[in-house]
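This report refers to the structure that appears directly beneath it.
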Amino acid sequence: MKVYLGEVIHPEAVALLEKHAQVVRPKDHSRQACLEALREVDGMVARKIHVGAEEMNAAPRMKIIARHGVGLDSVDLEEATRRGILVTNTPGANRESVAELALSFMLALARRIPQAQKAMANMPKGDIGIFSALLKQYSLTGIDLEGKSLGIIGTGRIGSTVARKCIAAFDMKVKGYDPYVSAEVMKSFGVERVERLEDMLPKIDFLTVHCPLTQETKGMVGKKELARMKKGAYVINTARGGIVGEKALLEALQSGQIAAAALDVWEVEPPDPQDPLLNHPNFIGTPHYAGTTEESLHRVGIAAVEEVLRVLRGEPPKYPVNPEVL
C-alpha cells in the first residue's frame, strides 16, 4: 500500500508509516509535484495541505485522508464523501498543547510580557533609577488573572480543558457558549452555560475561542460582538482563523475597546507581514503553532498514521469523520 506524505510529522510517526507502507513524497514543494505524487497512492496523511476536488482527481485510488489534527476546514468533506473516500482526524491528541498556549496568551497579555521584554532591551546598564520610568513609559502595570471572568466559545475537549486549568490555577469565573454542549455537562467542569453569545460578552474579562470553523462560526466575533464586550477586555483565538474578524479586532484595539489580543490562527495563513495588526503594540501573533509541541506532534502523528494503516488493512478506523462512507 502506498501512502502520500508531503509534510513534516513526528519522526516516530514517519518510522511507523515506513515500516508498514510505501511512503510517497513529492519531489519538491510545488503544487504540480504534489498532484503528481498523489497519482498512485491509496491514502494520505494531511497536516496543513488543502485537499479538494483537484487533489482527489489526481488520486483515483485514494481510500482515506487522515487529518493530522482535528480541524476539517482544509478538506472538502462533502466531495470526499461523494467519492467514497474516508476522512479521519485525531480528536483530543493536541488538547493539552492548545489549552496551554491559550493560557500562556492570557498570562502574557495580562502581565504585558512582550512590552516588558522590549523595556528591558532599552534599559541602560546599571541605572536602577530607570525602572520606575520604564514601568510608566511602557505601561507595564498589568492585571491579575485571579478571580477574573473568562468566556469560552466552544467547550469541547480543548475548551473544557482551558476551563479546568483556569479555575484550578486562578479561581476564574468561567462562562461557556456552545449550542452542542448541555448545561449539565458544562457544570461538570465548573462552567456556567449561556444561551446566547451576546449575553456573555459584556460580563467577561477574557474571551477565548475553541470551536471549529464552519459556516455557523465564520465571523462569529466581529465588530458588533467586540463592541458588546466589556471595555478593556482581552481576546484570544487558538482555534481557526476567520472566527474572529481581524479587521474588526484591529479597530477595537486601536480604539481601546479591547485592551489586548492574541491570535495563533489567521484568515490567510501566513498573514501579510505588513498587516498592521501584527505591529500593534498590544497584540501577540504566532504562526498557527498551538499544537506544535514534542508531545502533541507525537500523539497526533502516531494517531493519524495508525488510522491510515487500519483502513488500508481493511480494519475499522477509530475516528471516522464521514462514517457513512463505511
Side-chain angles (χ1 to χ4, degrees), residues 69-71 90-114 116 140-195 197 199-212 217 220-221 229-230 232-240 243-244 258-265 284 286 288-300 303:
V70 181
T90 58
N94 65 356
R95 173 180 58 193
E96 280 294 323
S97 308
V98 178
E100 287 182 17
L101 182 65
L103 189 54
S104 299
F105 278 157
M106 287 184 214
L107 287 164
L109 295 176
R111 296 307 310 272
R112 300 182 60 77
I113 293 174
L140 296 184
T141 302
I143 64 169
D144 291 340
L145 294 186
E146 182 75 17
K148 294 297 189 297
S149 179
L150 171 66
I152 301 178
I153 297 177
T155 58
R157 292 179 178 88
I158 296 172
S160 62
T161 300
V162 171
R164 289 188 179 99
K165 291 180 184 296
C166 288
I167 293 167
F170 304 111
D171 193 27
M172 295 183 83
K173 315 306 176 190
V174 185
K175 300 180 186 298
Y177 173 73
D178 191 327
Y180 305 101
V181 179
S182 69
E184 184 180 5
V185 170
M186 285 197 200
K187 186 178 180 181
S188 71
F189 47 83
V191 174
E192 176 190 345
R193 187 179 190 271
V194 297
E195 289 287 339
L197 178 61
D199 293 336
M200 179 176 80
L201 295 175
K203 301 174 182 177
I204 56 175
D205 302 299
F206 289 82
L207 175 68
T208 184
V209 179
H210 299 289
C211 61
T217 64
M220 176 180 278
V221 181
M229 292 186 71
K230 187 187 298 185
Y234 299 78
V235 175
I236 293 163
N237 184 10
T238 57
R240 280 293 184 272
I243 299 172
V244 177
I258 297 301
L263 300 181
D264 182 54
V265 288
I284 299 173
T286 53
H288 200 152
Y289 86 136
T292 308
T293 66
E294 179 68 23
E295 296 85 353
S296 175
L297 289 175
H298 183 269
R299 289 190 298 263
V300 175

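Just so you know, these numbers use all the heavy atoms, side chains as well, and skip hydrogens, waters and symmetry mates.
Looking at R193, its side chain does come within 3.5 Å of a backbone N or O of V181 through a donor-acceptor pair. The backbone N or O of V185 sits less than 3.5 Å from a side-chain atom of S182, completing a donor-acceptor pair.
With values rounded to the nearest 0.5 angstrom, L103 atom CG is found 8.5 Å from M172 atom CE. Between atom CZ of residue F105 and atom CD1 of residue I113 there is a gap of 11.5 Å, rounded to the nearest 0.5 Å. Rounded to the nearest 0.5 angstrom, Y289 OH and S296 OG are separated by 12.5 Å. Note: D171 CG to C166 SG = 11.0 Å, rounded to the nearest 0.5 Å. To the nearest 0.5 Å, atom OG1 of residue T90 and atom CZ of residue R299 are 10.0 Å apart. For the atom pair NZ (K187) and CD (E192), the distance works out to 11.0 Å, reported to the nearest 0.5 Å.
Remark: E146 CD is packed, more than 12 non-hydrogen atoms of other residues, nucleotides or ligands lying under 6.0 Å away.
A heavy-atom distance below 4.5 Å is not found between the side chains of M186 and V174. In this structure, I236 and L207 have side chains that are not in contact, with every pair of non-hydrogen atoms separated by 4.5 Å or more. The shortest side-chain heavy-atom distance between P114 and I284 falls under the 4.5 Å cut-off. In this structure, the side chains of S160 and H210 stay at 4.5 Å or more apart for every pair of heavy atoms.
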Legend entry - Verdict with reasoning, T292 to S97, per side-chain contact (heavy atoms from CB on, under 4.5 Å): CA-CA 7 Å; T292 308; S97 308; over 6 Å; no
Inset, instruction - List the steps and the verdict of side-chain contact (heavy atoms from CB on, under 4.5 Å) for Y177 and M220. - result: CA-CA 12 Å; Y177 173 73; M220 176 180 278; 4.2 Å; yes
Inset, instruction - Kindly determine whether E195 and M200 satisfy side-chain contact (heavy atoms from CB on, under 4.5 Å), including the steps that lead there. - result: CA-CA 9 Å; E195 289 287 339; M200 179 176 80; over 6 Å; no
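The two residues G190 and I167 make their nearest non-hydrogen contact at O-CD1, 3.5 Å. Contact between V191 and G176 at its shortest, heavy atoms only, is CG1-N, 3.3 Å. Residue R111 comes nearest to I143 through the heavy atom pair CD-O, 3.5 Å, listed as atom of the first residue, atom of the second, then distance. Taking every heavy atom of both residues into account, I243 and P212 meet most closely at CD1-O, 3.8 Å. Nearest heavy atom pair, residue M229 against residue Y234, reads CE-O, 4.1 Å. The minimum heavy-atom distance linking F170 with L107 is given by the pair CZ-CD2, 3.8 Å.
For E100, there are no salt bridge (Lys or Arg N to Asp or Glu O under 4.0 Å) partners, not counting sequence neighbours.
In this model, no donor atom of one side chain and acceptor atom of the other lie less than 3.5 Å apart for T286 and H288.
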Which donor-acceptor pairs under 3.5 Å do the side chains of residues 147-158 make with protein atoms, sequence neighbours left out?
residue, atom, partner, partner atom, Å
K148, NZ, D144, O, 2.9
S149, OG, K203, O, 3.1

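Shown are T161, T238, D264; of these, the side-chain contact (heavy atoms from CB on, under 4.5 Å) with V98 is made only by T238.
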